Number of protein chains: 2
Amino acid sequence: MRKRETVRRTTAKEVAAAAGVSKWTVIRAFTPGSSITDESKRRVMEAAAALNYSPNLLARSLATNSTRQVAVFVDDFRNPQKLPFLETLTERLQAAGLVAMLININNHFDHVHALLHADQRQVDAVILFGTAFRDETLTDRQLGNGMPPMFVLARDSQIDGVPAVVCDAELALRDIVDHLHDRGYRRPGFMSGAPALSTALRRRQHFTDFWAGKGVSEVELLSAEKYSAEAGADSVRQYLSQSTPGNRIDVLMCENDILALGAMDEIRGGFGLRVPDDIAIVGFDNYELSGSSAYSLTTYEQPRHEMIDAIIGMIVGSIKAETMTLPGKMIVRKST
Amino acid sequence: MRKRETVRRTTAKEVAAAAGVSKWTVIRAFTPGSSITDESKRRVMEAAAALNYSPNLLARSLATNSTRQVAVFVDDFRNPQKLPFLETLTERLQAAGLVAMLININNHFDHVHALLHADQRQVDAVILFGTAFRDETLTDRQLGNGMPPMFVLARDSQIDGVPAVVCDAELALRDIVDHLHDRGYRRPGFMSGAPALSTALRRRQHFTDFWAGKGVSEVELLSAEKYSAEAGADSVRQYLSQSTPGNRIDVLMCENDILALGAMDEIRGGFGLRVPDDIAIVGFDNYELSGSSAYSLTTYEQPRHEMIDAIIGMIVGSIKAETMTLPGKMIVRKST
DNA sequence: AAAGCGTTTGCTACCGGGTGCAAGCAGGTG
DNA sequence: CACCTGCTTGCACCCGGTAGCAAACGCTTT
């Protein structure tokens with residue numbers, strides 16, 4: 001790794017010498033609200049501009065014990081939904097004077113590693129962005145001293161003292177089931193991607209509960225290996241090939257849009273069935289392509305901006321840090 | 001912003017006190033290859049484990065003048081292709097002991113801002129990941145003292161001393177045009193998204209050049225407002241509605257898959273035409289859904305892993321830092 | 001037992017800023 | 001003109017590590 005020796009930045013001391021003041025006066029010129037005369041400030045700023053000086057945030061972080069860096073853990077880059085979330089998240093963080101450290105959680109770099117690393121880098125907070133972890137793992141870590149405050153985004157948190165910001169799943173599934181019931185569907189199926197995740201379980205549970213509330217007690221459960229279009233296609237293929245036309249579900253809700261798009265492809269391309277006439281489809285997340293005329297998928301949109309504003313509010317302390325559940329909105333299209 | 005005062009991390013000095021040695025011995029225990037007896041090391045490690053100590057990377061960075069942080073600039077989160085690139089990039093960076101600082105370049109936070117910020121944070125390098133910038137802007141900055149080394153990923157660089165890693169556009173377009181010509185297409189069109197970008201211009205130029213080489217001098221040029229499915233659809237709608245069936249292009253190459261998918265939707269859904277029978281379509285980037293049976297888009301895949309390994313090699317210095325052009329591969333599907 | 005040598009350990013100085021206190025300085029007051 | 005008050009400025013010390021030198025140590029050699 002190349003060090004940056006060759007291109008040393010100018011320091012406050014150098015600016016001080018140039019401006020004929022002490023380095024503390026230079027620092028005061030760059031610290032809003034500190035006591036300094038306009039004259040001194042002007043001279044410092046002039047010298048600073050001439051020398052191209054700007055404060056070293058590393059040194060500042062060390063001294064103030066605050067880096068204004070936030071680690072963002074992500075583990076499922078297959079879900080295109082991550083991208084708009086990352087966009088909004090980085091934008092809002094930057095607007096709040098923070099910056100995101102993007103950490104990829106994978107087999108070589110698990111949550112414990114990542115958390116330790118983030119801690120060593122003194123981040124001000126950690127956002128677990130929809131990552132799949134076993135709560136126990138992190139609870140142990142939590143007990144160690146000095147871990148940075150953690151927040152869970154777009155997933156439930158069962159960890160004590162770790163708040164989450166999620167889309168209201170109960171409301172969402174109620175809206176969805178109401179809609180499907182209104183449209184006359186009566187033989188529902190639900191495809192989940194990662195049955196071990198509490199968020200997944202919750203969505204499925206609400207789905208079956210609301211159908212039960214409408215007198216439909218049987219919900220066909222499909223499961224995909226992971227969250228990808230192929231996995232969704234595989235799962236639906238398996239179901240369709242071992243069921244008879246007369247006895248099939250008339251609507252399939254998938255845990256997210258990627259599964260739904262894959263499933264829809266397979267239903268149409270692989271089996272020659274029509275959507276929504278033979279089987280209707282519902283997804284979750286309103287991914288960009290879901291609105292295209294090729295799919296026109298009915299789905300549910302998470303309140304992205306509100307969720308992200310909430311989590312940043314918690315981080316900067318303007319919002320009391322406890323789990324928040326925000327309402328999203330239903331997007332009805334031609335697939336139902 | 002909450003400071004981390006309440007949860008102070010243990011320091012080397014504290015561990016030293018617990019282990020009955022000086023703080024430098026503690027540091028040596030954590031510095032591979034430094035001279036220390038097994039016995040001292042064992043005692044230090046024991047004390048460190050008991051106190052849950054790990055070195056403060058912030059302090060280390062300040063002292064060594066190397067943060068092992070790499071700023072990654074991204075400006076177009078609409079392109080789903082960014083996601084797999086970000087995945088591979090973060091994974092490889094982490095494997096090399098580096099970490100990514102993700103910076104969103106937008107109207108409120110432009111390249112100059114971002115570069116200044118990255119510099120203040122003392123990053124070891126900056127990766128401009130496919131961002132659209134005017135070369136002049138950065139050249140000016142470049143002249144300021146002490147800027148971190150910059151590298152351009154997936155886009156050309158005209159800036160002096162700033163190497164780029166790109167997919168070989170000439171090779172790609174040659175392969176694509178060869179393929180289309182083989183298939184018998186003779187009336188090609190090209191849809192670009194951002195005509196101001198040199199990368200875009202280059203692809204279009206190669207496309208028309210290779211057709212010219214095959215005796216086809218007329219290439220219809222479409223342009224979309226931006227890189228999105230809707231923009232692709234809009235662009236093709238405009239073209240189709242003002243052209244007569246007999247006189248139309250028989251194949252449309254789009255600058256990337258997102259445009260291609262939007263265009264395909266509009267061609268089929270909006271105009272009732274068949275792909276590839278009426279108009280064939282080619283994209284660029286092999287985005288996940290492009291392979292789905294609904295689209296089955298012929299496209300070209302950039303050598304993502306190789307590109308990222310190359311840029312990281314340049315950053316850590318194992319590869320000589322000069323612009324590299326790597327070959328990708330053609331993915332032929334049913335849309336041609 | 002003293003000298004010689006390599007390893008281990010401690011120390012000073014330093015990275016580039018921030019904090020809180022005390023000295024310096026101005027202006028207003030009696 | 002001395003005195004008080006309040007703002008500005010300088011200073012010692014600190015944040016938690018790293019670098020390089022010098023002292024201390026253990027061991028062999030003569």
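Atom set for the values below is all heavy atoms of this structure, side chains included, hydrogens, waters and symmetry mates excluded. Being a predicted model, the structure only gives us computed values, none of them experimental.
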- May I ask you to establish whether A:K82 and A:F77 are in a cation-pi arrangement, using a distance under 6.0 Å from NZ or CZ to the six-membered ring centre and at most 45° from the ring axis? no
- Give the ring-plane orientation class for A:Y53 versus A:F30, where under 30° counts as parallel, over 60° as perpendicular and anything between as tilted. perpendicular
- Do A:T90 and B:N104 have side-chain atoms, one donor and one acceptor, less than 3.5 Å apart? yes
- Item | Terminal helix-axis angle for the helix from C:dA1-D:dT30 to C:dG30-D:dC1, with five pairs defining each axis and rounding to 10 degrees | 60°
Under 3.5 Å donor-acceptor pairs involving side-chain atoms of residues 14-22 of chain A, not counting sequence neighbours:
from: A:E14; atom 1: OE1; to: A:T11; atom 2: N; distance (Å): 3.1
from: A:E14; atom 1: OE2; to: A:R8; atom 2: NH2; distance (Å): 2.9
from: A:S22; atom 1: OG; to: A:T25; atom 2: OG1; distance (Å): 3.4

If you look only at distance, which donor and acceptor atoms sit under 3.5 Å apart when one is on a side chain in residues 305-316 of chain A and the other is two or more places apart or in another chain?
from: A:D309; atom 1: OD1; to: A:R92; atom 2: NH1; distance (Å): 2.6
from: A:D309; atom 1: OD2; to: A:R92; atom 2: NH1; distance (Å): 2.8

- Query: Would A:R9 and B:Q120 satisfy side-chain hydrogen bond (donor to acceptor under 3.5 Å, both in side chains), going step by step from the backbone distance to the final call?
  - Reply: CA-CA 9 Å; A:R9 294 166 44 87; B:Q120 285 191 264; over 6 Å; no
- Task: Check the distance between D:dG16's C1' and A:R60's CZ and give it to me in whole angstrom.
- Result: 18 Å
- Query: Got a sec? Which of residues 12-26 of chain B come in under 4.0 Å of DNA chain D, heavy atoms?
  - Reply: B:A12, B:K23, B:W24
Between protein and nucleic acid, restricted to nucleotides 6-8 of chain D and to nitrogen or oxygen atoms under 3.5 Å apart, what atom pairs and distances do you find?
none

- Item | Steps toward side-chain hydrogen bond (donor to acceptor under 3.5 Å, both in side chains) verdict (B:Q302, B:Q81) | CA-CA 10 Å; B:Q302 299 196 44; B:Q81 178 64 1; 6.0 Å; no
- Task: Nearest 0.5 Å please: distance from the CG atom of A:D156 over to the OG1 atom of A:T323.
- Result: 8.0 Å
- Message: The test is ring pair (Phe, Tyr, Trp, His ring centres under 6.0 Å); show your working for B:F129 and B:F73 and say whether it passes.
- Response: CA-CA 6 Å; B:F129 173 25; B:F73 290 7; over 10 Å; no
- Classify every nucleotide of nucleotides 21-27 of chain C by which part a protein heavy atom approaches to under 4.0 Å, writing B for the base, S for the sugar-phosphate alone and - for neither, in 5'-to-3' order. -------
